[in-house]
Number of protein chains: 2
Amino acid sequence: MAVTIKDVARLAGVSASSVCRTLADPGAVLPGTREQVEKAVRELGYYPNRAARGLSTGRTGNLGVVLPDLANPFFASVVKAAQTQARRLDYAVFLSDIDEDPAVETMLIRALAKQVDGFLLCSPRSSDDELRAFAGHTPIVLLNRRIGPFPSVTVDAADGMRQALTHLHALGHRRVAYVAGPRSSWSNRERLRGLRSVAGTLGVDLVEVGNVPPTVEGGVSIADVVLASTVTAVLAYNDLTALGLLNRFHARSVAVPGDISVIGFDGILLSALVSPALTTIAVEMDRIGRVGVDLLLETMTDPGRTPIRRVLPAQLIVRASTGPARPS
Amino acid sequence: MAVTIKDVARLAGVSASSVCRTLADPGAVLPGTREQVEKAVRELGYYPNRAARGLSTGRTGNLGVVLPDLANPFFASVVKAAQTQARRLDYAVFLSDIDEDPAVETMLIRALAKQVDGFLLCSPRSSDDELRAFAGHTPIVLLNRRIGPFPSVTVDAADGMRQALTHLHALGHRRVAYVAGPRSSWSNRERLRGLRSVAGTLGVDLVEVGNVPPTVEGGVSIADVVLASTVTAVLAYNDLTALGLLNRFHARSVAVPGDISVIGFDGILLSALVSPALTTIAVEMDRIGRVGVDLLLETMTDPGRTPIRRVLPAQLIVRASTGPARPS
DNA sequence: AGTCAGTCTGGAACCGTTTCCAGAAGATTG
DNA sequence: CAATCTTCTGGAAACGGTTCCAGACTGACT
């Protein structure tokens, strides 16, 4: 059925070894044989079986990308960029959406481990120990999480939060809510940590509500709690949650930013399209994916090196969802 | 480094064949050996190498999913559902985003063909002939495209368009624009076809503008052309394009639906969140992905059967972006 | 006790590719 | 012209599994 290297060898009148050599390094073979082989390859439409190649070389040419939720445009953008970069470097991508379930994450990583040369783990929900266990077998790069011995790509959330809270403070806000994302999310802890620190510095009261799922529904479900907390502004774990807040506020005729200001996180396309347009802390989503792949490939070629931990900047984008604090 | 079946065999004091048998069919082996093997598997944390297994069995346990643009929430939802269903049936998913480029599509399919048991092609941009050529090697299921001999999952776009145009007609609209998507898109042709037919029946003037990329930017870029065409309503190829229109209309202070009504297609989450909330022709995105995987697996197990072509319903969701026609 | 069927097992071949090794040419040198 | 060195080639082993085949053992039946 499928055409193999032997078919090519037979048609070209050479051995399989020579076909292999021609493909790997055309210079290592006489011009005559090379032509024969190339002709046969064209005629049969031969494409090497990468799985079989992986068996002998130990390199599969595959990367695994694991993420919590593809329906979140943030992850979609990251994985799109990762995929594109991987293809450019001649790698194929295994995709696993774990639906926010750490157990699924563990299972999938184990099942896929032998089929990939490395993993890109986006916002992994597993424990540090579990991650260390995986890393024993396969190189991994963490996105949106920074722990001990792993290469990682993260965002300077503390600085983003500083920009956001400074912005709110300048507008007169003194009591601000943070809608927390998943408890198992490192980003969530990091954002909260940065926020607490700068809130202390600026003398802003910080009210923490949540945790909620990092989705629109999560935002909708917590909106009334936010309103009940008598704040004049709210920072959401991410844009989706912020959009949920906006939606519920609108339904309850709470004016944004008249009654309450709202800030998101991520800078997904959508945030610019709603109205009021969402003020948000934007990150370079494609760069996260692209740099993640680059880092992973470096880690694969040189596993011994000290892990690189890239921290990308966050940038507050002021739009229409923030305004002066309502006098209390 | 990695633990193989031989390591397990050695530790359990049996042959590799017995380990294999234990894993494939525990009943085919004496309870004693089974215990030994299972103990060894646990102790070593053995996981079979699926690529190697694929070599001997001819089944890889992988599916390939190819799509034009992961940044489009429609495709993200479809592939998420497909991935989930695939995992449930113990398949892993290769993901390829081709960035709307037919050449990339062809290349990727060929490169991946040997590593997957079948392909799910979402809105493939290749020509019919190319698709037929692929199908010779590997089972494929088409999503959002219906041609000759292939199993497919599509949406009843004509009926969706009928609902939408009837809705507009009832509101008094007699001159309506359609913003066309990519020329290579089957869905686009299909939507246009349905629209023309029902426009004829209802006596509605149909103005076709475009083609534009199926993105927000596409919508933004064509908005002024739409306005210049003196229509009272516009149907967009998809929700993203419609959102682009809304955005540009807002920027030019064109009231929606006061001056012009807007209808999208797909029913992505985002369409409900913008304001005015978008009237749209919604399709069951996860069902497309799920049914696609089911169909693909059926095709794989029984390649000879007559291809099933599932057509899923489309449902007009009336929201705030449509209203009575402005008297001309 | 001897035959037979039925279970269970290990060895070997195979999947498609790469890579090592040895050998056969051809080119180069003394 | 023989000896050496290169260059190129085919055969064989290996990668990690699966599966066929034949043999060893068990137990039942005559």
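Remember, it's a predicted structure, so these values are computed and weren't measured experimentally. The sequence lines fix the lettering, A, B, ..., with proteins before strands; numbering per chain opens at 1.
- Atom OH of Tyr47(B) is separated from atom P of dG16(D) by 19 Å (rounded to the nearest Å).
- Other residues, nucleotides and ligands contribute only 12 or fewer heavy atoms inside 6.0 Å of the CZ atom of Arg310(B).
- To the nearest angstrom, P of dC15(D) lies 14 Å from CD1 of Ile5(B).
- In this structure, the CG atom of Leu44(A) is 15 Å from the C1' atom of dG16(C), given to the nearest Å.
- Residue Ser123(A) forms a side-chain hydrogen bond (donor to acceptor under 3.5 Å, both in side chains) with just one option from Asn144(A), Asn72(A), Asp69(A), and that option is Asn144(A).
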Go through the steps for Thr33(A) and Thr22(A) under the test side-chain contact (heavy atoms from CB on, under 4.5 Å), then give the verdict.
CA-CA 8 Å; Thr33(A) 16; Thr22(A) 309; 5.6 Å; no
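- Per the geometry, CG belonging to Leu23(B) stands 7 Å off P belonging to dT18(D), to the nearest Å.
- In this entry the distance linking CG of Asn49(B) with P of dC15(D) reads 13 Å, nearest Å.
- At whole-Å resolution of the value, CG in Asp117(A) and P in dC15(D) are 18 Å apart.
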All N/O pairs under 3.5 Å across the protein-nucleotides 23-26 of chain C interface:
none

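- Five base pairs at each end of the helix from dA1(C)-dT30(D) to dG30(C)-dC1(D) define two local axes, and these are offset by 60° (rounded to 10°).
- Residue Arg59(A) contributes atom CZ, which lies 10 Å from atom P of dT19(C) at whole-angstrom precision.
- Using modelled atom types, one side-chain atom of Lys114(A) and one backbone atom of Tyr47(B) make a donor-acceptor pair closer than 3.5 Å.
- A donor-acceptor pair is defined here as one N or O able to donate and one able to accept, closer than 3.5 Å; such a pair exists between the side chain of Thr57(A) and the backbone of Arg53(A).
- Between Asp99(A) and Lys80(B) there is a salt bridge, with a side-chain nitrogen of the basic residue lying less than 4.0 Å from a carboxylate oxygen of the acidic one.
- Using modelled atom types, one finds a donor on one side chain and an acceptor on the other under 3.5 Å when comparing Glu105(A) with Ser126(A).
- Distance Arg50(B) CZ to dT18(D) C1': 15 Å, rounded to the nearest Å.
- Between Arg42(A) and Glu38(A) there is no salt bridge, since none of the side-chain N atoms of the basic residue sits less than 4.0 Å from a carboxylate O of the acidic one.
- Checked by atom type, the side-chain pair Arg146(B)/Ser152(B) shows no donor-acceptor distance below 3.5 Å.
- A salt bridge links Asp128(A) with Arg145(A): the distance from a Lys NZ or Arg NE/NH1/NH2 to an Asp or Glu carboxylate oxygen falls below 4.0 Å.
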Distances under 3.5 Å between protein N/O atoms and the N/O atoms of nucleotides 8-15 of chain C, please, pair by pair.
unit_1, atom_1, unit_2, atom_2, d
dT9(C), OP1, Thr33(B), OG1, 2.6
dT9(C), OP2, Leu30(B), N, 3.4
dG10(C), OP2, Ser15(B), N, 3.2
dG10(C), OP2, Ser15(B), OG, 3.1
dG10(C), OP2, Ser18(B), OG, 2.6
dG10(C), N7, Arg21(B), NH2, 2.9
dG10(C), O6, Arg21(B), NH1, 3.3
dG11(C), N7, Ser17(B), OG, 3.3
dG11(C), O6, Ser17(B), OG, 3.1
dC15(C), O2, Ser56(B), N, 3.2

Kindly indicate, with the supporting measurements, whether the criterion ring pair (Phe, Tyr, Trp, His ring centres under 6.0 Å) is fulfilled by Phe119(A) and Phe134(A).
CA-CA 10 Å; Phe119(A) 279 109; Phe134(A) 302 143; 7.7 Å; no
